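Some notes on the structure that comes next.
Fair warning: this is a prediction, and the values are worked out from it, not measured in the lab. Quick note: residue numbers are just sequence positions, from 1.
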Amino acid sequence: MAWRKWLVRGLVFAVLGAGALGAVAYQAWTNPAAVRAQVLNHVRGRFADGVVSVSLESAQLRLLGGIAVSELRVARTDGLDRKDFLYVPSAVVYHDKERLGHGAFVIRKVELHRPQLRVVRQRDGRCNLAGLFAPCDPNEPLPAVVVEQGTILLEDRGAAPGAPVLEIKDVALTAVEDPPGVVTVTGAGKTDVAGPIRFGAVVQRATGDATAGFEATAVPVGPDLVQRLAGVCPEAAAQVRQLSGAGAVLAHAAYHPAESRPFTYDLTCRLRDGTFS
């Protein structure tokens with residue numbers, strides 16, 4: 001019958017049309033240019049308007065899942081510090097595939113490989129990372145962040161001229177929001193002046209309350225450490241120039257913005273097998 005032929009033809013055309021639309025949508029989402037634009041928009045949206053510049057060399061979907069990102073650079077655009085404060089040679093972004101199909105680009109996890117973060121304290125006490133981030137909804141889940149072989153550069157421009165930059169190498173860091181509303185950060189790294197270090201923090205997103213800890217249990221006390229100390233406190237360094245031994249540092253800090261004294265800290269230093277001339 002004629003109506004059966006038209007029914008079959010209609011089904012065939014419907015299948016072909018759906019396949020064509022699916023192919024167009026797939027091409028749009030998997031196109032490297034479109035994927036790169038999605039990643040750039042997402043990164044820029046994490047910062048306040050007009051404060052930073054973001055550049056990205058490439059971003060493309062991987063066959064095994066996730067988006068491979070290369071050469072990500074973020075720098076301030078104001079006069080505080082125009083150098084890149086974040087450089088990521090390569091990263092993998094794991095997005096929510098179901099929500100991507102509905103046009104929403106939502107990131108579940110980010111793996112950063114060999115990133116470099118510069119933290120600079122200006123002479124007036126301001127930090128180059130201050131005032132960068134845009135406010136976010138505390139009810140919106142944050143993606144998990146994993147850092148592998150990272151580097152953190154700590155520069156104090158208020159120190160004596162020529163004071164070396166403190167470099168923390170081989171940084172391994174994990175930041176996870178679990179339970180919802182509570183971000184837990186754990187990490188470790190190595191320094192040439194303080195040996196291996198470990199650090200961690202817990203942040204309450206709704207209130208801004210935060211606690212942090214830092215420990216260095218194998219600090220080589222000697223000329224190298226005293227030289228670094230001279231850049232911050234030259235008078236004290238002159239008094240301990242002949243001090244040597246094995247040191248340990250344990251620090252705890254807390255920030256409660258609603259209290260009259262929002263910031264508190266406790267610092268403990270120990271020395272064993274020491275000699276002093």
Side-chain angles (χ1 to χ4, degrees), residues 46-47 51-52 72-76 78-89 91 112-133 145-175 183 185-203 210-237 240 247-255 263-269:
R46 293 296 179 179
F47 296 95
V51 177
V52 303
L72 171 66
R73 297 178 181 271
V74 187
R76 295 193 73 117
D78 55 20
L80 192 62
D81 187 288
R82 291 180 176 270
K83 295 181 180 179
D84 295 340
F85 64 83
L86 177 62
Y87 168 59
V88 183
L112 306 178
H113 306 146
R114 296 177 288 108
Q116 179 176 296
L117 175 67
R118 290 178 58 253
V119 183
V120 181
R121 179 180 178 271
Q122 305 293 335
R123 290 184 175 87
D124 58 4
R126 292 186 299 168
C127 177
N128 67 324
L129 303 184
L132 287 179
F133 301 97
V145 178
V146 178
V147 173
E148 299 176 353
Q149 295 182 316
T151 301
I152 301 177
L153 302 176
L154 303 176
E155 181 180 352
D156 186 358
R157 295 183 177 174
V165 175
L166 177 61
E167 184 175 1
I168 306 175
K169 299 180 179 180
D170 295 332
V171 174
L173 181 147
T174 302
V183 179
V185 180
T186 57
K190 299 177 183 177
T191 67
D192 58 345
V193 65
I197 64 172
R198 301 185 66 86
F199 55 88
V202 177
V203 180
T211 58
F214 167 88
E215 66 175 7
T217 58
V219 181
V221 179
D224 291 341
L225 180 62
V226 173
Q227 183 180 1
R228 293 295 184 92
L229 180 62
V232 180
C233 188
E235 294 182 358
V240 297
V249 179
L250 181 63
H252 294 281
Y255 178 70
F263 181 74
T264 58
Y265 70 92
D266 179 74
L267 178 65
T268 302
C269 299

Distance, nearest 0.5 Å, that separates NZ of Lys83 from CZ of Arg73
13.0 Å
Kindly give the heavy-atom pair with the smallest separation between Ala130 and Arg76, and that separation in Å.
O-NH1, 2.9 Å
Ignoring hydrogens and geometry, is there a side-chain-to-backbone donor-acceptor pair from Asn128 to Arg118 under 3.5 Å?
yes
Are any non-hydrogen side-chain atoms of Leu153 and Gln116 less than 4.5 angstrom apart?
yes
Checking side chain to side chain contact (heavy atoms under 4.5 Å, CB included) for the pair Val193/Leu166: CA distance, chi angles, key distance, verdict?
CA-CA 8 Å; Val193 65; Leu166 177 61; 3.6 Å; yes
Working note: Val120 + Cys127, criterion side chain to side chain contact (heavy atoms under 4.5 Å, CB included); need CA distance, chi angles, decisive distance, verdict.
CA-CA 6 Å; Val120 181; Cys127 177; over 6 Å; no
How close do Ala216 and Ile197 get, heavy atom to heavy atom, and via which atoms?
CB-CG2, 3.8 Å
From Asp192 CG over to Asp224 CG, what is the distance, rounded to the nearest 0.5 angstrom?
7.5 Å
Looking only at heavy atoms, what is the nearest atom pair of Ile168 and Gly189, with distance?
CG2-CA, 4.1 Å
Should Leu267 and Phe214 count as side-chain neighbours, where that means a heavy-atom distance under 4.5 Å?
no
Begin from the C-alpha positions of Val119 and Leu129 and carry the test side chain to side chain contact (heavy atoms under 4.5 Å, CB included) through to its verdict.
CA-CA 7 Å; Val119 183; Leu129 303 184; 3.9 Å; yes
Looking only at heavy atoms, what is the nearest atom pair of Gly131 and Val51, with distance?
O-CG1, 4.1 Å
Pairwise distance CD(Glu215) to CZ(Arg198) - rounded to 0.5 angstrom:
6.5 Å
Shortest non-hydrogen pair, Val88 vs Pro115, comes out as CG2-CB, 4.1 Å
Is atom CZ of Phe263 surrounded by more than 12 heavy atoms (other residues, nucleotides or ligands) closer than 6.0 Å?
yes
Can you find a heavy atom in the side chain of Val171 that is under 4.5 Å from one in the side chain of Thr151?
no
Mind checking whether Phe85 and Phe47 have parallel, tilted or perpendicular rings, split at 30° and 60°?
perpendicular
Which atom pair, heavy atoms only, marks the closest approach of Pro89 to Arg114?
CD-O, 3.0 Å
When you measure from the side chain of Arg126 to the backbone N and O of Arg121, does any donor-acceptor pair fall under 3.5 Å?
no
Would you check, one step at a time, whether the test side chain to side chain contact (heavy atoms under 4.5 Å, CB included) holds for Val249 with Thr268?
CA-CA 6 Å; Val249 179; Thr268 302; over 6 Å; no
Under the criterion side-chain contact (heavy atoms from CB on, under 4.5 Å), which of Val147, Ile152, Leu112 is the partner of Leu173?
Val147
